[in-house]
2 protein chains.
Amino acid sequence: MPAFHTYKNPALATDLVVFGYQDKALSVLLLNRKEAPFKNGWTLPGAFVGLEETLAEACRRILDTKLGLRSIYLEQLYTFDTPNRDPRGRVISVAHFALVSQGKLTAVAGKMANDVRWFPVTDIPVLGFDHRQILSAAQERLRAKILYQPVGFELLDENFTMPELQDLYECILGHSIDRRNFRRKILDAGFVELTGEKKEGLQNRPADYYNFNKKLLPQHFHLNL
Amino acid sequence: MPAFHTYKNPALATDLVVFGYQDKALSVLLLNRKEAPFKNGWTLPGAFVGLEETLAEACRRILDTKLGLRSIYLEQLYTFDTPNRDPRGRVISVAHFALVSQGKLTAVAGKMANDVRWFPVTDIPVLGFDHRQILSAAQERLRAKILYQPVGFELLDENFTMPELQDLYECILGHSIDRRNFRRKILDAGFVELTGEKKEGLQNRPADYYNFNKKLLPQHFHLNL
DNA sequence: TTCCGTTTGCGTTATTTTGACACAAACAAA
DNA sequence: TTTGTTTGTGTCAAAATAACGCAAACGGAA
């Protein structure tokens, strides 16, 4: 038996699908590469995984140093290993996806280098590597997840109105929902509560602000939308 | 930038959760290790991933050479990277789970080395590495999956009766279901059809044989059981 | 002020789905 | 024939869902 680390293994990387919600649209952070391969092409942010860090730590490192994002929702998505997915050689990528709330999104937008941009998921450019496939998998996961876990709140501010929440759901699910039925199902699920405040200063009737109540959270529900 | 494969990367492995269904019980293939670490302890079958093979190929290799199983259902589960999950060093494992039908199960049972055994999921011994965690994740995935994809049929023979199918569902879900409601929901989902044959030779009323009909498959349904 | 267009909040009703049963049919064994 | 057990089919009340009406609360125009 040879020494342990002399085994020839594929290289290990992480790629990140960072979702944000702004201007009534779900969007993704893309990075314009300055180096080959795919020079000047758009890709997901990613990096190789070091010997001393976990996958999550590698993701946090990317989020922090490349994008200036901290303490946001992060989840492992899938591990991609198509043979020629990276022209440089054999690289296996453990893809993750992250959710950025509106508050943090706007706060960081200015700090970002001009080679990092938000793209609405409805208008994604050609992506390098197999990142189009990764992005599609992330969207599918998010679609499924939003129906049984309170993950959508990671994309909104602490306080949000029912119409705002509904528009988010519609963006992610890709179809429109009846206002009144949506409201009823969300309230029945029982993980939001009224704050008592209203969204004033608008043109129409003020909307009630709601709050994601972690104490009431059933941690497992099922929305039929 | 150093030569590509001089990056220090964690070692990459695969571990397999092979599910079988026999004697009205869901069971898992476990391997008794002949070498350290966890010598004489039970673990999931696994192997390191070579440079020239995909993850799926590595899994097929294990299934074929170690267990004598071919062309069975295989799916990626999750990638485990807890720092000290392997006492030999930093190993990241892309766990998969496989489903073996009763026919193939019995055909191969005899060929298996005596250090490989089926264990009912209700009676699992202490496992090495983080394999208990992997097994639990696989069970959870299977529980969820059986409700919206026709994956349970991979565990049965081509022809099966409704009571057999129900018992399988009950084993995986972990709770009993009303016979009549179960039948109705399965038939409403519309991916099984009567073969016309009956399971004769038993003590009681013969049960109708059903068939998993791939042509009728909606590929996306939702069972509420 | 009054009227209008728009959005929000709250409700109703018909339909569908679900959960909990009852009962007869088909076998083997007594 | 009778009994015990399992399978196939149907019923019915309760719950969940989809579709929809209507008044309240704003800003802006008349």
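Chain identifiers are assigned alphabetically (A, B, ...) following the order of the sequence lines, protein sequences preceding nucleic acid strands; residue numbering begins at 1 within each chain.
- Taken residue by residue, residues 171-188 of chain B places heavy atoms nearer than 4.0 Å to DNA chain C at D178(B), R180(B), N181(B), R184(B), K185(B).
- When rounded to the nearest whole Å, the span between CG of N224(A) and P of dA16(D) equals 12 Å.
- When the side-chain contact (heavy atoms from CB on, under 4.5 Å) test is applied to L147(B), the partners found at least two apart in sequence or on another chain are L173(B), L223(B), L225(B).
- K199(A) has its NZ atom 16 Å from the C1' atom of dA25(D), to the nearest Å.
- Residue order along DNA chain C, read from the 5' end via each residue's closest nucleotide, puts T161(A) first among H222(B) and T161(A).
- Going from atom CD of E164(A) over to atom P of dT7(C) covers 14 Å, rounded to whole Å.
- The SG atom of C171(B) sits 8.0 Å away from the NZ atom of K24(B) when rounded to the nearest 0.5 Å.
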Which atoms of nucleotides 26-30 of chain D (N or O only) lie under 3.5 Å from a protein N or O atom, and what are those distances?
from, atom 1, to, atom 2, distance (Å)
dC26(D), O2, Q203(A), O, 3.2
dG27(D), O4', Q203(A), O, 2.7

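- The separation between M162(A) atom CE and dA25(D) atom C1' is 18 Å, rounded to whole Å.
- A donor-acceptor contact closer than 3.5 angstrom is absent between the side chains of T195(B) and N159(B).
- In this structure, CD1 in I177(B) is found 13.0 Å from CZ in R183(B), a value given to the nearest 0.5 Å.
- Separating the CG atom of D167(A) from the C1' atom of dT8(C) is a distance of 15 Å, rounded to the nearest angstrom.
- The separation between L165(A) atom CG and dT8(C) atom P is 13 Å, rounded to whole Å.
- Heavy atoms only, all atoms of each residue included: D15(B) and R85(B) are closest at OD2-NH2, 3.3 Å.
- Between Y21(B) and F19(B), the ring center distance fails the sub-6.0 Å criterion.
- Within the model, atoms CD of E170(B) and CG of L26(B) stand 13.0 Å from one another, a figure rounded to the nearest 0.5 Å.
- Taking atom CG of L225(A) as the reference point, atom P of dT17(D) lies 9 Å away to the nearest angstrom.
- Among I62(B), L77(B), L16(B), L44(B), the one residue that satisfies the side chain to side chain contact (heavy atoms under 4.5 Å, CB included) test with H96(B) is L16(B).
- Separation of the F191(B) and F153(B) ring centroids falls under the 6.0 Å cut-off.
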